[in-house]
Structure formats: C-alpha cells, structure tokens
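Working notes, beginning with the structure itself.
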Amino acid sequence: MIKAESISSCYSFSRVKLSVYKLAIIFCLGFQFIANISTAAEEKLLEARMLLVPQAEATMSSQVSGKITNIPFKSGSSFKKEEVLVKFDSAVCLAQLEKAKAELAKAEATFRSNTTLLDMHSVSKLVVKISEADVKRARADLHIVNSTLKYCAIKAPFDGRVIKLHIHPHESVTKGQKLLDIVDMKTPEVQAFVPSLWVRWLKSDTPFTVTLEETGKTYQAKIARLVGKVDAVSQTIEVHGMFLENHEELLSGMSGIAIFKKLTANE
C-alpha cells in the first residue's frame with residue numbers, strides 16, 4: 001500500500017519539474033524574440049563611387065567683339081560678387097555712345113521744330129509723325145550702346161574662384177567666345193550614381209558618410225535630392241548630397257566612396 005506521503009512527494013516533484021519546463025520555454029521564446037529584434041535592427045553597408053561637384057559654376061563668354069585690356073584674376077584666384085573678371089577696350093563703345101547721344105539730340109530738336117511748324121500749318125502731320133519715330137529710334141540706339149558698354153566689363157555673378165582661363169590680355173575676341181570658367185566658393189555637393197532599386201529606401205535627408213581619397217578623411221552628409229530619372233542602360237539613378245558642415249579643404253573634382261546604411265528588414 002502506497003503511503004500518502006510518497007504520493008504527495010511525487011506530486012510536488014512533478015510540479016517543480018513542470019515549472020522548470022515552463023521557465024525553459026519562456027527563456028527560449030524570450031531569446032528568440034531578442035534574436036528577432038537584433039536581426040531586424042541589423043544594418044547593411046552599401047557603397048557607391050562619388051564625386052564632388054560645385055553648387056554653382058559658369059563659363060563666362062564675351063558679349064561684344066573687342067580687345068581685352070585686363071584680366072585681374074588668374075586661374076585659382078578667388079573673387080567676390082560684382083568684381084570685374086575681364087575688361088575690354090571701351091574706346092569704340094564710348095565713341096559709339098557719343099554718336100548715339102548726338103543722334104538723339106538731333107532727332108529731338110527736329111521733332112520740336114516740326115511740332116512748332118505744325119502749329120503754324122507749315123508742315124504736315126506726317127512729317128511730325130516721322131520725326132517722332134526718329135526720336136524713338138535714336139533713344140533705342142542709345143539704349144543699345146549703353147547696354148553694350150556694360151559688356152565691356154564682365155562682372156562676377158557670385159563669390160567664387162577662377163578654374164580656367166581661355167584668353168589672355170591684349171587678345172582680340174569675338175562675340176560669344178569663351179573667356180573663363182568659374183565655380184562658387186560654397187562647399188561642393190556630393191554626386192553619385194546608385195542602383196535604381198535603392199529608391200525603395202533612399203529618400204531625401206537620408207544620412208550617409210563620404211570617404212575622400214584626396215584627404216583620407218570621412219565626412220558626414222545627407223541626401224539633398226534625387227534626379228527624377230533612371231538611366232535605362234545602367235539602371236542607375238543620380239543622387240546629390242550635401243555635407244552637414246562646411247569644410248574649406250574640399251574642392252570640386254575630389255572623389256571617393258559614399259557609404260549608406262540600410263536595414264536588412266527593408267530588403
């Protein structure tokens with residue numbers, strides 16, 4: 001006959017064993033939950049070649065034909081907005097200006113005279129209309145000469161640096177001829193071509209890092225904009241980024257690697 005104490009002892013042992021089993025299951029589930037969170041939080045590093053490009057650049061061309069008298073800034077020189085970059089010989093323009101002023105004065109005098117004669121019925125209304133048109137034409141010619149005179153001094157559109165000179169002092173150039181290439185003084189932008197599939201997760205303000213070959217340093221940046229077209233041949237899209245801080249040592253044309261972090265859960 002089994003004693004009551006033995007039955008009670010076995011029952012207690014079974015309860016303890018069951019509790020341990022439950023704790024083991026809870027521990028395993030908890031470990032799996034933590035493992036899932038860790039997996040979901042894993043980041044994948046993706047790389048793309050990049051290039052630094054200026055935020056603004058321009059090729060200044062001649063608006064007049066003439067002889068260059070002065071080029072104050074050389075290749076690599078910095079300048080401020082509105083400073084004269086190229087100066088032309090303005091002697092011809094000044095002579096044309098005086099001529100245009102004289103033509104206007106003549107036309108205005110003729111118009112006044114004809115208006116007086118019309119009151120005296122000495123000329124027809126047609127003569128007055130023609131002389132009035134001559135005044136308007138002379139004023140237009142003067143405006144053209146004044147505009148041309150402004151082109152005898154090419155001024156900087158922004159603070160920047162001269163990258164390349166296409167001309168030299170004392171040379172004669174024609175209208176439309178290239179004079180010099182300039183870029184602005186702001187910190188360059190990051191330009192990269194990344195796989196088009198990245199648009200699934202790559203958005204404006206997405207952070208990334210840039211490691212430049214020329215400086216050997218790593219910089220913090222973020223996506224500024226995505227060019228709204230995928231290249232059908234390479235299946236890439238152009239993206240532009242901006243640095244989070246200004247760095248005076250950065251120059252347009254530097255290159256390196258852009259590194260992006262992507263959650264594996266997004267794949």
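- Using modelled atom types and a 3.5 Å distance limit, the side chains of T211 and T218 yield a donor-acceptor pair.
- Under a cut-off of 6.0 angstrom, the local environment of NE2 in H170 is sparse, with at most 12 non-hydrogen atoms contributed by other residues, nucleotides or ligands.
- The shortest side-chain heavy-atom distance between V210 and I257 does not fall under the 4.5 Å cut-off.
- Looking only at atom types and distance, the side chain of T59 has a donor-acceptor partner in the side chain of D181 under 3.5 Å away.
- Ionic pairing of R225 and E238 is not present here: no N-O contact between side-chain nitrogen and carboxylate oxygen is shorter than 4.0 angstrom.
- A distance-only check finds a donor-acceptor pair linking the side chain of E214 to the backbone of S255 [under 3.5 Å].
- Looking only at distances, no side-chain donor or acceptor of S62 sits under 3.5 Å from a matching main-chain atom of K175.
- Looking only at side-chain heavy atoms (C-beta outward), V162 and F79 come within less than 4.5 Å of each other.
- A single hydrophobic cluster is not seen to contain both V194 and L51; linkage of ILVMFWY side chains at heavy-atom distances under 4.5 Å, directly or through other members, places them apart.
- Note: W198 and W201 have tilted aromatic rings, judged against thresholds of 30 and 60 degrees for the angle between ring planes.
- Using a 4.5 Å cut-off between side-chain heavy atoms of Ile, Leu, Val, Met, Phe, Trp and Tyr, with links allowed through other members, V53 and M242 fall into different hydrophobic clusters.
- Heavy atoms from other residues, nucleotides or ligands lying under 6.0 Å from CD of E213 number more than 12.
- No more than 12 heavy atoms of other residues, nucleotides or ligands sit less than 6.0 Å from atom CD of E245.
- Inter-residue side-chain proximity for I167 and Q177 is flagged as met; some heavy-atom pair is nearer than 4.5 Å.
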Donor-acceptor pairs under 3.5 Å, side chain of residues 146-154 to any protein atom, not counting sequence neighbours: which ones?
from: N146; atom 1: ND2; to: L142; atom 2: O; distance (Å): 3.3
from: S147; atom 1: OG; to: H143; atom 2: O; distance (Å): 3.0
from: T148; atom 1: OG1; to: I144; atom 2: O; distance (Å): 2.9

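- Legend: residues meeting side-chain contact (heavy atoms from CB on, under 4.5 Å) with K81, ordered by chain and number and at least two apart, are D159.
- Among residues two or more places apart in sequence or in another chain, the salt bridge (charged side-chain N to carboxylate O under 4.0 Å, His left out) test is passed with D134 by R137.
- Listed for the T69 side chain is a donor-acceptor partner under 3.5 Å among the backbone atoms of K87.
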